[in-house]
Amino acid sequence: MITASGKPRQRRASTWQQQLAEAVTRPEQLAEALGLPPERLGASAAAARLFPLRVPRSFLARIRPGDPDDPLLRQILPVTEELTEHPGYGADPVGEHAAVRAPGLLQKYRGRALLITTSTCAVHCRYCFRREFPYTEQIGEGPRWAEALAQIARDASLEEIILSGGDPLSLSNARLASLGRSLAAIPHVRRLRVHTRQPVVLPDRVDEGLLQWLRSASLPIVFVLHINHPREIDEAVAEACAALRATGITLLNQSVLLAGVNDEADVLEELSQRLFRAGVLPYYLHALDPVRGAAHFAVPDERARSIAGVLAARLPGYLVPRLVRETPAAAAKVALSPRL
Ligand SMILES: *Cc1c(COP(=O)(O)O)cnc(C)c1O
Ligand code: SF4
């Protein structure tokens with residue numbers, strides 16, 4: 001690969017599959033790699049038993065060593081607060097169980113349905129609303145999409161299919177291409193969307209095979225990335241985004257508004273600026289879904305609205321993400337209006 005400065009980038013030491021396999025999964029490993037005081041990890045082993053720690057080395061390298069409050073670290077470090085129960089916080093925070101149309105196929109909104117393609121992610125985000133998603137119940141030990149595909153084929157109102165998970169880019173390029181072909185063969189499916197964090201946490205995932213698939217796919221493809229903080233976008237991520245864009249796909253980003261991570265207008269303004277430089281437009285800024293174990297990330301609505309108001313006052317409209325909340329029964333994500 002050629003970098004922006006025109007110099008060939010160093011040859012990659014390992015493939016993305018190796019990097020996935022070598023992700024850090026033990027809190028002690030993390031403490032050692034970052035030079036963190038062990039007392040910060042007191043009860044995190046217990047939290048990690050509920051939802052395992054998982055972070056690829058390439059993301060780890062963007063965390064500031066020795067800073068227990070680093071906003072990237074906070075997204076992935078299991079902490080004691082996760083063990084406290086809070087009223088209103090549960091296993092199915094946005095009513096997905098009621099939205100199951102076929103194994104692994106969820107539909108809440110008109111015209112688009114979401115396919116759970118895999119349970120695997122490169123990183124485990126502590127605030128993930130699918131922390132307790134019953135993956136095995138939905139997709140078994142390995143993905144079985146036949147029923148979901150049959151259901152999509154039967155329902156002519158489904159124009160857009162969203163590949164989700166887990167992270168769909170955990171699948172091999174061959175499987176993605178094959179799933180893409182099956183969907184493209186259904187005449188009423190017009191768009192394919194991919195919700196993924198992998199180009200961000202594991203930029204080497206954007207390999208030649210993936211780009212080949214995107215260049216040759218017959219359906220228009222939209223990638224919705226998931227980036228919460230400007231420091232997540234390093235040079236390798238910017239290169240991965242540029243390579244994705246060069247295939248002609250549309251690149252958007254969704255963030256979750258997280259206390260202690262990005263609940264400052266300055267941080268989100270910088271995020272929008274960096275996204276734009278990387279060829280990505282901000283799409284949604286999600287209010288936290290009330291999943292068990294994540295209450296310490298909550299930002300009060302009033303504060304969320306005033307942050308959104310500051311962004312709206314500072315940035316062109318196309319760089320302002322829409323502040324929304326996912327609710328169990330509404331016909332769309334519900335907008336929280338910015339306080340101006
Ligand atoms: C968020 C979500 C979508 C996508 O909604 P958009 O507003 O189109 O981005 C689709 N299906 C489900 C179940 C969702 O949760
Ligand atoms: S990458 Fe997405 S699905 Fe995976 S843990 Fe993070 S938020 Fe959840």
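We count ligands from 1, going down the list as the structure has it; atoms in each ligand are counted the same way. All values reported here derive from a predicted model rather than from experimental measurement. Numbers here simply count residues along the sequence, with the first being 1.
Residue-environment remark: CZ (Phe276) stays at or below the threshold of 12 foreign heavy atoms within 6.0 Å. When the shell of 6.0 Å around CZ of Arg314 is examined, it contains more than 12 heavy atoms from other residues, nucleotides or ligands. Within 6.0 Å of CZ on Arg62 lie more than 12 heavy atoms contributed by other residues, nucleotides or ligands. Crowding of Arg64 atom CZ: a count of heavy atoms from other residues, nucleotides or ligands under 6.0 Å exceeding 12.
Scanning the protein for heavy atoms near atom 7 (O) of ligand 1, the closest one is Tyr284 OH, 2.6 Å. For atom 5 (S) of ligand 2, the closest heavy atom belonging to the protein is Cys125 N, 3.4 Å. For atom 2 (Fe) of ligand 2, the nearest protein heavy atom (residue, atom name, distance) is His226 ND1, 4.1 Å. The nearest heavy-atom contact from the protein to atom 12 (C) of ligand 1 is Leu114 CD1, 3.7 Å.
For a threshold of 3.5 Å applied to N or O pairs, the pair formed by Glu96 and ligand 1 contains no separation below that value. Taking only nitrogen or oxygen atoms, main chain and side chain alike, His195 does not reach within less than 3.5 Å of ligand 1. Checking only distances, Arg193 does come within under 3.5 Å of ligand 1, N or O to N or O. The shortest N or O to N or O distance between Lys108 and ligand 1 is not under 3.5 Å.
Of all atoms in ligand 2, listed by their number and element, those nearer than 4.0 Å to a heavy atom of Cys128 are 3 (S), 5 (S), 7 (S), 8 (Fe). Residue-ligand proximity, Tyr283 to ligand 1, at heavy-atom distances under 4.0 Å covers atoms 6 (P), 7 (O), 8 (O), 9 (O). The atoms of ligand 1 that sit less than 4.0 Å from any heavy atom of Ile162 are 3 (C), 4 (C), 10 (C). Within ligand 2, the atoms closer than 4.0 Å to a non-hydrogen atom of Arg197 are 1 (S), numbered from 1 in the order shown. Taking every heavy atom of Cys121 and a limit of under 4.0 angstrom, the matching atoms of ligand 2 come to 1 (S), 3 (S), 4 (Fe), 5 (S). Remark: ligand 1 atoms within the under-4.0 Å shell around heavy atoms of Glu326 are 1 (C), 15 (O).
In summary, of the residues considered (Val222, Leu225, Leu275), a side chain to side chain contact (heavy atoms under 4.5 Å, CB included) with Leu252 occurs for Val222 alone.
Between Arg191 atom CZ and Leu183 atom CG the span is 13.0 Å, to the nearest 0.5 Å.
Inspection of the His286 and Gln254 side chains reveals an N or O donor paired with an N or O acceptor under 3.5 Å. Side-chain contact, Asn173 with Gln212: no donor N or O sits under 3.5 Å from an acceptor N or O. Judged purely by distance below 3.5 Å, without hydrogens or angles, the side chains of His195 and Arg193 pair a donor atom with an acceptor atom.
Contacts of Lys333 with ligand 1, taken as heavy-atom pairs under 4.0 Å, involve the side chain alone. Neither the backbone nor the side chain of His286 has any atom closer than 4.0 Å to an atom of ligand 1 (non-hydrogen atoms only). Contact annotation: for Val94 versus ligand 1, there are no heavy atoms closer than 4.0 Å. By the criterion of a heavy-atom distance under 4.0 Å, neither the backbone nor the side chain of Arg130 is placed next to ligand 2.
A heavy-atom separation below 4.0 Å is found between Val123 and ligand 2. Distances shorter than 4.0 angstrom do not occur between any heavy atom of Glu160 and any atom of ligand 1.
Heavy-atom minimum distance, Val261 versus Phe297: CG2-CE2, 4.2 Å. Scanning both residues, Leu171 and Arg205, for their nearest heavy atoms gives O-NH2, 3.0 Å.
Side-chain N or O atoms of Asp167 include one that pairs as donor or acceptor with a backbone N or O of Gln198 at under 3.5 Å.
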